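Nothing here was measured: the structure is a model prediction, and the numbers come from that model. Just so it is clear, the values below take in all heavy atoms, side chains as well, and ignore hydrogens, waters and symmetry mates. Numbered from 1 within each chain, the chains take letters A, B, ... in sequence-line order.
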Amino acid sequence: MPNEVAAHYDPAGLEKTIAQQWAETKPFAATPDENDRRYVIMMPLPNVTGALHMGHAMDNVMQDMLTRWHRMLGDNALWMAGTDHAGIATQAVVEKRLFELEGKTRRDIGREALVGRIWDWKEQYQTRIVSQQQAMGCSCDWDRQRFTMDKVCERAVYWTFFHLFRDSLIFRGTRMVNWDCHLQTAVADDEIIYESVQGHFWHLRYPVIDPQPGELESVAVATTRPETMLGDTAVACHPDPRGALEELIVKTKERLSRASQKDTAELEAEIERLEKRRVTHLPQLEQLTAMAEAGRMVRLPLLDRPIPLICDQWAKPGLGSGCVKITPGHDPNDYEVWGRHQEQIGIINILNIDGTLNDNAGPYQGLDRFDAREKVVADLKSQGLLEAIEDREIEIGHSDRSKTRVEPYLSEQWFVRMGDVDGGVMCGRGTQNEFVAPGLAQAAIDAAQGEWRSPSGRNVSFHPDIRYRNTYISWLAEKRDWCISRQLWWGHRIPIWSGKFQGRVLQEKLAWLAPYLSRADVVAQLQMDETTEVLQPDSLERHIAHIAQIDENAGAQILVCLREPAIQTDTAGEFEIAGFVRDPDVLDTWFSSGLWPHSTLGWPDPDTAAIDPGQSPLGKQNGADDCLSYYYPGSCLVTGRDIITLWVARMVLMGLYNLGDLPFTDVFIHATIMDGKGERMSKSKGNGIDPVDIIERYGCDAMRYVLCEMQTGSQDIRLPIQAISPFTNKPVDLAKAEHGSTIFTYLCPESGKEFDVLGTMPDVPAAKLISERFEVGRHFCNKLWNAVRFALLNLEQTSFVPRAPTELPFEDRWILSRLTRAIAEVQHQLEVYNPSAAISTARDFFWSELCDWYLEMIKPRLREAGEADSARQVLAFSLDQVLRLFQPFIPFITDFLWQRLSEHAAQRGIDRQLHTPESIARAQWPQANPGWQDDALEQRVGFLQEVIRAIRDIRSQYTVPPKQRVQVRIKTSGATPEILNEGMSHICSLASVESVEIAPDAKRTHDSATAVVGEVEIYVLGVIDVDKERVRLNGQIKKLTGPLEGVRKKLGNQKFLSRAKPEVVERERAKLVDMESQLSTLNEHLQELG
RNA sequence: GGGCGGUUAGCUCAGUGGAAGAGCGUCGGCCUUACAAGCCGAGGGCCAUCCGUUCAAACCGGAUACCGCCCACCA
């Protein structure tokens, strides 16, 4: 006995049933086989910092949709899932909790204990994330999921680091970095958020030492960070202040000449200001330049340190006093100035890693930088050296992770060289894809533009194209070296052991190294005399001799990089005994996620790749390819626009470097989800929706349906958000609700009580966030559910008989023709990455044509024994195809209904029987059958629909009860009577008509209402109300008149007739005839009414 | 400072040169034996503004206004 389809659609129960089946039968398992068509998506790995929100849901649903579609197309499809350890973010979260709950810092509990706690955190959130993704129906091969710090990914990280180091593409250098004083680590430029704050501009005065007669006795400088003056090592003025100022004036005038109105006033004021400076500032500046050239010094106040006056173009005569203090240790621009004047000025670091001042700050040592600022300002003021304080809005960089202010800070960091290098970079070394690129960044640029193709003939294309490709290329084009070290404990520790040695010890260490250097998993560098050289077994003697020769106390640094498994075994210990120390830093998260597309597949050697218990092996199985050779290079990357640079670019260059081929050929950038106010959705802003809350309320398929429908080409999506009031359980519109005591609490409009949207307030009840926009999806699923239910009630003994479509009744041929069109269109829209258009096409076919017309048309047939069979067969087939079309979008309900359909109508098809596997997930994608398309038939049915609508309209206008059948006369001639007769039964049943008379000279009765469809006049008898009819006819006349005038005007225009395409003119002429006849008919009837 | 989007019905958005579209919401009528989470109808827009190109512009070009994004810089 087949399962009944319940009268009510219950997404929760159904989704649970189907999820269980998937878990048991594993229809998404991917294994290399004979199939040479493959489709691979690597999931943008979510961070284990926290649970997923709607933005992730969009990302996952897009990937799942593409993967499921390709699986149905017959591809061997792999969707690789996994999570990212997200170094800095996760450590920050865990450290924050540690402090909040236990009052301890990471240094209190130590490296090992902290890392242990982070692992616990990771387990907890990874579980949560995977359960969210499974609730979303993600068809990943769950037996292959990975984590960036698991054994396989870790090995890939160490191998890559090792190769880059060996190729001198990784180096250590002193750089100005953004220092997070709270987390005590360097953070990347991308991890900085600039915020505008009300600050000040302090004008300071430094006295000149021993000014000559006539010379200035002091120099003024301005700063937004007065405490940095303690690290000043020079004051700079421009080498040619007059020239620079004049040039600036000229440039500003040029800008004025092409400025828009709104900027004019501002620019004019600027020019005036600059011109005034010729008088107010220039003389002093020129004097200062001369003094600088003469080697004059100034005295740094408070510390009493003499510092030189120098000339450098960094000083801008148009700004401030025209002179600038130089703090090379704490300002990136000043650091560059230092680079140009190294022999003349020094660098002083005044900060400790925690943001307090160090012993270079003299009396200010030990103060926090913010306290030091106040004291410095106060002291300068008391000495009369503070000229002015100006209020000014300034942009301050904050660390995205700790939300604290970052400081420019000079430190030793590890970098990957992104620029071009002499001799180029060998990509895919040791593979069949070897090629030489100018540099890593250039390799990634080439991959996305021009004629470049990888050895396998691939390149990268973006969807949508121009906008995002530009983002990618312009970022890479800067070729800035990539700072990969982070002063954290959570992550892949840098596999470098180093030691500084001198003289005899140095010579001994070099000799000791000899046996290691011949090993494949050890590489060493010698840094000496400002040069770096990779040590070779045969160069050791030369170095040892060289040291003896130059200086017996010569010092040098030896850096040793160990590759797996040398790190794990005794080798590392041997180096430590020998006095080498492992670098304490860990690698930037993006270093490991950049390897994701190949590390997860077992690179560099799938056969020896470590897997977790229960996981599928990566190496060769049953004579098939290993996973890496089979699934790399992959197909498509699906992500948001925010990580194009951080991640997409890095995956491309890492893939090219390690394997000589691209990780994917298509990059699909989907929309970013915003809230109702247009703000980006995020958990911490209190506007982040948990997909699970949506799934609970509306069902997963409903959520997916709406997400797909929202995914058009535009760059962002507004999703108005409601909170479910914990007091009334009703939705509250957050755009309208009043706030409570904080910005994260709102007042329930009905009860007046306060609730919290972050879920972090101890005393305030938390509210779930939802969006009512997902209702549409639930409505749709309900419709689909009921359509199949209806069919099943009528499909009791359906069997398959091959039938030629031409033998079928015209409504059957019509729906097959429309279906053919829909299939082709859905296919096309998916190919061009337009999920919204694809799902809308499928929806319109299903709802507006199959349900609204076809089902209604065949209802009478289903009740008649002789005709029911063919109707059932076409109905079963149509629903089969509809379910297949929707499977990639709404997988749960389609799978469930598919199984029910198979229980009632196991054999389905029209001219041939379809293959119907147990789960629709493995079914074949519908094929458009061009032979079924019949344009003439579609036109005839279109006409019948118009006639039916016209009658329905009249019925509605006169509120004729649905059960009351009406009599209709139709005045027409030519071919139309035939069409009308063909559709007669449908007109009668669908418009509730009792009888229709068709005649070329049909007459309306005095009590009938009139409608005009093309050349056809329709009279609905016995319903009229003269006044109402007059109003109705007038309305229709009015509606026609405007467009009619437009067409007349067009056709009266000679130029239109001569220049427009002939078919356009023809169309307009036909239109005119049609409209005029309609209009005259309407007028006639109006007159007859009197 | 440089670059890039957007502005279409009350809301959320489609629409790449030939009579303005969808869903939701609104209004009217229907519990018509699949579906009231539904059915049948209706109303609603000088397509942000201005100027061009064209026989013809929501669509192409230029300018303006307002939203927004990215990059760089900010003593």
Side-chain angles (χ1 to χ4, degrees), chain A residues 5 7-9 194 201-204 221-225 228 235-236 255 260-262 314-316 319-327 331 333-334 392-395 466-468 470-471 474-475 478 641-642 644-645 672 674 676 678 680 698 702 706 709-710 712-720 772-773 775-776 778-794 834 836-837 840 843-844 851-852 855-856 859 949 952-957 959-963 990-992 1042-1044 1046-1047 1050 1053-1061 1063-1065 1067-1068 1071 1075:
Chain A
V5 172
H8 270 277
Y9 165 56
Y194 287 95
F201 211 34
W202 282 274
H203 295 260
L204 318 179
V221 291
T223 179
T224 55
R225 297 183 297 154
T228 61
V235 169
R255 270 176 53 202
S260 62
Q261 257 177 342
K262 108 187 136 161
W314 171 239
K316 305 282 184 245
L319 273 178
S321 68
C323 290
V324 57
K325 61 194 264 313
I326 302 297
T327 322
D331 182 283
N333 290 301
D334 294 0
R392 181 167 156 168
E393 194 167 279
I394 45 178
E395 298 267 290
I466 303 298
R467 206 179 334 158
Y468 297 120
N470 284 349
T471 306
S474 59
W475 182 80
E478 290 183 34
R641 62 187 139 86
D642 46 336
I644 292 174
T645 52
T672 302
M674 315 291 218
R680 198 191 171 82
Y698 300 104
V706 172
E709 199 185 38
M710 288 195 300
T712 62
S714 68
Q715 73 172 346
D716 51 28
I717 291 170
R718 280 180 188 228
L719 194 63
E772 288 176 333
R773 283 199 57 190
E775 278 186 358
V776 177
R778 191 179 49 182
H779 293 182
F780 176 80
C781 292
N782 183 56
K783 185 75 179 179
L784 186 60
W785 176 269
N786 278 293
V788 173
R789 195 166 80 91
F790 166 78
L792 297 189
L793 293 173
N794 289 285
N834 192 341
S836 173
S840 299
R843 177 211 181 272
D844 288 347
C851 291
D852 289 352
L855 284 187
E856 297 303 326
K859 275 180 180 173
R949 281 202 192 99
R952 282 172 172 173
D953 186 14
I954 288 172
R955 298 181 59 106
S956 180
Q957 301 282 343
T959 53
V960 180
K963 280 177 184 159
L990 299 183
S992 206
L1044 179 64
V1047 176
K1050 237 183 204 180
N1053 184 341
Q1054 266 312 314
K1055 285 185 175 172
F1056 171 71
L1057 297 177
S1058 59
R1059 299 204 191 177
K1061 280 178 273 181
E1063 65 264 31
V1064 173
V1065 177
R1067 199 158 57 223
E1068 293 295 312
K1071 232 189 294 180
M1075 288 164 102

Notebook entry, point to check: How does protein contact run along nucleotides 26-40 of chain B, one letter per nucleotide 5' to 3', with B for base contact, S for sugar-phosphate only, - for none, heavy atoms under 4.0 Å?
Noted result: --B-S---BB-BSSS
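The salt bridge (Lys or Arg N to Asp or Glu O under 4.0 Å) search around A:Glu709 returns none, not counting sequence neighbours. Under the salt bridge (Lys or Arg N to Asp or Glu O under 4.0 Å) criterion, A:Lys783 pairs with no residue at all, not counting sequence neighbours. Remark: A:Thr712 pairs with A:Ser714, A:Ser836 by the side-chain contact (heavy atoms from CB on, under 4.5 Å) rule, at least two apart or across chains. Checked against side-chain contact (heavy atoms from CB on, under 4.5 Å), A:Arg789 has the following partners two or more places apart in sequence or in another chain: A:Val5, A:Ala7, A:Trp785, A:Asn786. Under the salt bridge (Lys or Arg N to Asp or Glu O under 4.0 Å) criterion, A:Glu856 pairs with A:Lys859, sequence neighbours left out. The side-chain hydrogen bond (donor to acceptor under 3.5 Å, both in side chains) test applied to A:His779 returns no partner, not counting sequence neighbours. By the salt bridge (Lys or Arg N to Asp or Glu O under 4.0 Å) test, A:Lys1050 pairs with A:Glu1068, sequence neighbours left out. Evaluation of the side-chain contact (heavy atoms from CB on, under 4.5 Å) rule for A:Arg949 yields A:Trp853, A:Gln945 as partners, not counting sequence neighbours. Qualifying ring-ring contact (aromatic ring centres under 6.0 Å, His included) partners for A:Phe201, counting only residues two or more places apart in sequence or in other chains: A:His203.
Straight-line distance between the P atoms of B:G1 and B:G15: roughly 33 Å, to the nearest whole Å. Going from the C1' atom of B:G3 to that of B:A72 covers 10 Å, rounded to whole Å. Nucleotides B:G23 and B:G18 have their C1' atoms positioned 27 Å apart, rounded to a whole Å. The same atom, C1', is picked in B:G17 and in B:U12; the two are 27 Å apart, to the nearest Å. For the P atoms, the distance linking B:G52 with B:A58 amounts to 16 Å, nearest Å. The separation of B:A65 from B:G29, taken at their P atoms, amounts to 50 Å, rounded to a whole angstrom. If you take atom P in B:G45 and the same atom in B:C67, they sit 27 Å apart, rounded to whole Å. Of the P atoms belonging to B:A57 and B:A19, the separation is 12 Å, rounded to the nearest Å.
Residue-level contact check: A:Val776 touches the backbone only, with heavy atoms under 4.0 Å from sugar-phosphate atoms and none from bases. A:Thr224 comes within contact range of the sugar-phosphate backbone alone, with a heavy-atom separation under 4.0 Å but no base atom that close. No engagement by A:Trp785 is indicated, since no non-hydrogen atom pair under 4.0 Å with the nucleic acid exists. Residue contacts shown for A:Cys323 include a base, since a base heavy atom lies under 4.0 Å away.
Between the P atom of B:A19 and the CG atom of A:Leu1044 lies a distance of 15 Å, rounded to the nearest Å. For the pair A:Arg843 CZ and B:G21 P, the computed distance is 17 Å after rounding to whole Å. For A:Lys1061 and B:U54, the NZ to P distance is 17 Å, given to the nearest whole Å. With rounding to whole Å, A:Glu1063 atom CD is found 14 Å from B:G17 atom P. The nearest whole Å value for the distance from the CG atom in A:Asn1053 to the P atom in B:A56 is 7 Å. Rounded to an integer number of Å, the gap from CH2 of A:Trp475 to C1' of B:C70 is 14 Å. Going from atom CD of A:Glu478 over to atom P of B:G2 covers 17 Å, rounded to whole Å.
Atoms CG and SG, on A:Leu204 and A:Cys323 in that order, are 12.5 Å from each other to the nearest 0.5 Å.
Counting all heavy atoms, side chain and backbone alike, A:Lys325 lies closest to A:Thr228 at NZ-OG1, 2.8 Å.
Using modelled atom types, no side-chain atom of A:Thr959 and backbone atom of A:Ser956 make a donor-acceptor pair closer than 3.5 Å.
Toward the 5' end of RNA chain B, the nearer of the two residues A:Lys1071 and A:Lys316, judged by each one's closest nucleotide, is A:Lys1071.
Within the 4.5 Å cutoff, the side chain of A:Trp314 has heavy atoms near those of the A:Ile326 side chain.
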Write down the protein N/O and nucleotide N/O pairs, taken from nucleotides 11-13 of chain B, whose separation is under 3.5 Å; answer none if there are no such pairs.
{"residue": "B:U12", "atom": "O3'", "partner": "A:Arg718", "partner atom": "O", "Å": "3.4"}
{"residue": "B:U12", "atom": "O2'", "partner": "A:Arg773", "partner atom": "NH1", "Å": "2.2"}
{"residue": "B:U12", "atom": "O2'", "partner": "A:Arg773", "partner atom": "NH2", "Å": "3.0"}
{"residue": "B:C13", "atom": "OP1", "partner": "A:Arg718", "partner atom": "N", "Å": "2.5"}

Check: Using Watson-Crick and G-U wobble pairs whose two distances are both under 3.5 Å, how do you write the pairing of RNA chain B as dot-bracket, with | for links to another strand?
Finding: ((((((((.[[[[.)..(..]]]].(((((.......))))).....[[[[[..)....]]]]])))))))....
